[in-house]
Number of protein chains: 2
Amino acid sequence: MMNDSAIKTHLLDLFNIDTYAIDQILGFSEFKEYKKGDVLIEEGKRHPYFYFIIKGAVKSYYHFEGKEICSWFAFENEMIATIKTFAGETSNETIELLENTKFIKIQTEKFKKLADKNLTWSHIMSALISSHAIFLEDRIKLHFMSSKERYNKLILSEPQILQRVSLTDISSFLGMSRENLSRIRSEN
Amino acid sequence: MMNDSAIKTHLLDLFNIDTYAIDQILGFSEFKEYKKGDVLIEEGKRHPYFYFIIKGAVKSYYHFEGKEICSWFAFENEMIATIKTFAGETSNETIELLENTKFIKIQTEKFKKLADKNLTWSHIMSALISSHAIFLEDRIKLHFMSSKERYNKLILSEPQILQRVSLTDISSFLGMSRENLSRIRSEN
DNA sequence: TTAACTTTGTGACATAAGTCAAAAGCTCTA
DNA sequence: TAGAGCTTTTGACTTATGTCACAAAGTTAA
């Protein structure tokens, strides 16, 4: 099918494994597109899919003491899920689109069943989780720096973020007030 | 062997799988004991083993702007490794013993080779990494709270920590000065 | 193209937390 | 069991960052 071959190309690109292995997940993978502002995964609900971004941007946030706290942003080729929904539990985070975004949508249970009996996919799953853990360790280190250092580190490692994410969301991600971020930026 | 059967008992306990699977890692697992203050894994060095604590306590820390920053503590039944050494790279953290500690020591490469060709172990590896990721997410949330809240959350979730870890290390783990921690404790 | 709305920036002030220094409490060991 | 060397507490002072209120700039839509 026309559509299958397009998905296949993307999946080959994302996972970097042989076509035979890709065929094993084609049956429960599809393209999906949503609009800026749409909520993909909602805090407190189960969600039996995970995604990869083909084109677009999303943010993930949770609520704490009345405030929205951004936990991460994701762009092209990144995986989208929350640890909890991936484990079949209710989500602790909301994922919302920052731009019109095109995804590959994959059924979590079927993917996990495949990984349960297939080493190639089991390794890929480990690798995905590991890379998330490395991201989290880095994020923790951020918080032992001053707010100026946090901001500078962010724009150094992900300069595109300034073009694609509002300063309000960035300040929340960095754990500082909007006003403070604004002052840091005007000093530089 | 006497010793093998003792290790086996511990491993069965830790992993909760059948004896046949445990036999597969016995050949590269051994008991090991070190003294309080000893350094198990050193920042900047490779280390081809990982561990489980049978009895004792350790801390992990790294250096940032001249200061030691504690990233975690571990006690009985917990796994000890750094993400980097587990991946075969040089460590970004130092692991030091807080008490005389008895471990099970496992060869990382042999374990990973086993997980590469064996689904049971591949799943265990994923589960270990996932639970670390969940710990990290929780740790990140800590830093969006005030120092008083961070301290209260810690003693609520891990009350034993106060008995087994110095306040200096706890303050570093919580990302605040010793003096500030001391004042928070006297207010309570 | 203006009006309504949202996002960002600035000023004045409040406060949590850091720093430095010294005292008090522990604990190990000779 | 004294004392050397840690760890923890307390006090005085500084500083980074938050908060509130409002102004400016940008965006969207009728």
Side-chain angles (χ1 to χ4, degrees), chain A residues 35-39 57-59 61 63-70 73 96-100 139-155 159-188, chain B residues 35-39 57-59 61 63-70 73 96-100 139-155 159-188:
Chain A
K35 294 227 166 298
K36 177 173 177 171
D38 285 357
V39 167
V58 313
K59 68 169 168 179
Y61 60 87
H63 289 272
F64 178 68
E65 295 181 348
K67 275 173 288 187
E68 262 187 23
I69 297 182
C70 282
F73 308 106
E96 189 181 313
L97 308 210
L98 295 172
E99 303 170 0
N100 294 341
R139 180 130 170 63
I140 290 170
K141 286 189 186 164
L142 264 193
H143 284 280
F144 288 88
M145 303 178 189
S146 70
S147 45
K148 193 173 298 181
E149 288 172 308
R150 296 204 292 282
Y151 174 72
N152 287 328
K153 189 163 181 217
L154 179 70
I155 54 170
Q160 60 161 340
I161 232 169
L162 277 177
Q163 270 67 58
R164 303 178 78 177
V165 181
S166 77
L167 292 172
T168 302
D169 285 340
I170 290 176
S171 70
S172 157
F173 175 79
L174 291 175
M176 68 182 78
S177 66
R178 278 181 294 124
E179 294 90 335
N180 193 196
L181 178 60
S182 177
R183 290 191 177 104
I184 286 165
R185 283 163 49 77
S186 67
E187 280 167 30
N188 276 355
Chain B
K35 296 227 164 298
K36 177 173 176 172
D38 285 356
V39 167
V58 313
K59 68 169 169 178
Y61 61 86
H63 289 272
F64 178 68
E65 295 181 350
K67 276 174 287 189
E68 262 186 25
I69 297 182
C70 282
F73 307 107
E96 188 181 312
L97 308 210
L98 295 171
E99 305 170 0
N100 295 340
R139 179 129 170 64
I140 289 169
K141 286 188 185 164
L142 264 193
H143 283 280
F144 287 89
M145 304 178 187
S146 69
S147 46
K148 194 174 297 183
E149 289 172 307
R150 295 204 294 280
Y151 173 72
N152 288 329
K153 188 162 182 221
L154 179 70
I155 56 171
Q160 59 160 341
I161 232 169
L162 278 176
Q163 272 65 59
R164 301 178 79 178
V165 181
S166 76
L167 293 171
T168 302
D169 284 342
I170 290 176
S171 70
S172 155
F173 175 78
L174 291 174
M176 66 182 80
S177 67
R178 277 180 293 128
E179 294 90 332
N180 192 198
L181 178 59
S182 178
R183 290 191 175 102
I184 285 164
R185 283 162 50 77
S186 67
E187 279 168 30
N188 276 354

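Reminder, nothing fancy here: chain letters follow the sequence lines and each chain counts from 1.
Residue A:Phe173 is tested with A:Tyr151, A:Phe73, A:Tyr61 for a ring pair (Phe, Tyr, Trp, His ring centres under 6.0 Å); the sole match is A:Phe73.
Per the geometry, CD belonging to B:Glu149 stands 17 Å off P belonging to C:dT15, to the nearest Å. Whole-Å rounding puts the B:Met145 CE to D:dG18 C1' distance at 18 Å. D:dT9 atom P lies 12 Å from atom CD of B:Glu187, rounded to whole Å. When rounded to the nearest whole Å, the span between CG of A:Leu167 and C1' of D:dA25 equals 13 Å. Per the geometry, CG belonging to B:Leu181 stands 9 Å off P belonging to D:dT8, to the nearest Å. Remark: P of C:dT10 and CZ of A:Arg185 are 11 Å apart, rounded to the nearest angstrom. Following rounding to the nearest Å, A:His143 (NE2) and C:dG18 (C1') show an atom-to-atom distance of 18 Å.
Within the 4.0 angstrom heavy-atom criterion, base atoms lie near A:Ser177. Across all strands shown, A:Ser147 has heavy atoms under 4.0 Å from sugar-phosphate atoms exclusively, and none from any base.
When each of B:Lys36 and B:Glu179 is assigned the nucleotide of DNA chain C with its nearest heavy atom, B:Glu179 is the one assigned upstream, toward the 5' end.
In this structure, A:Lys148 pairs ionically with A:Glu187, as a charged nitrogen and a carboxylate oxygen lie closer than 4.0 Å.
In the model, A:Glu149 has a side-chain atom that pairs as donor or acceptor with a side-chain atom of A:Ser146 under 3.5 Å.
Ring planes of A:His143 and B:His143: parallel class, angle under 30° (limits at 30 and 60°).
Minimum atom distance to the side chain of B:Ser186 is reached by D:dT10, of the listed C:dA17, C:dT8, D:dT10.
Dashed line: the shortest gap from a side-chain N or O of B:Thr168 to OP1 or OP2 of D:dT8 is under 4.0 Å. Neither OP1 nor OP2 of C:dT6 sits under 4.0 Å from any side-chain N or O of A:Ser166.
For C:dG11, the base has a donor-acceptor partner in the side chain of A:Arg183 [N/O atoms by modelled type, under 3.5 angstrom].
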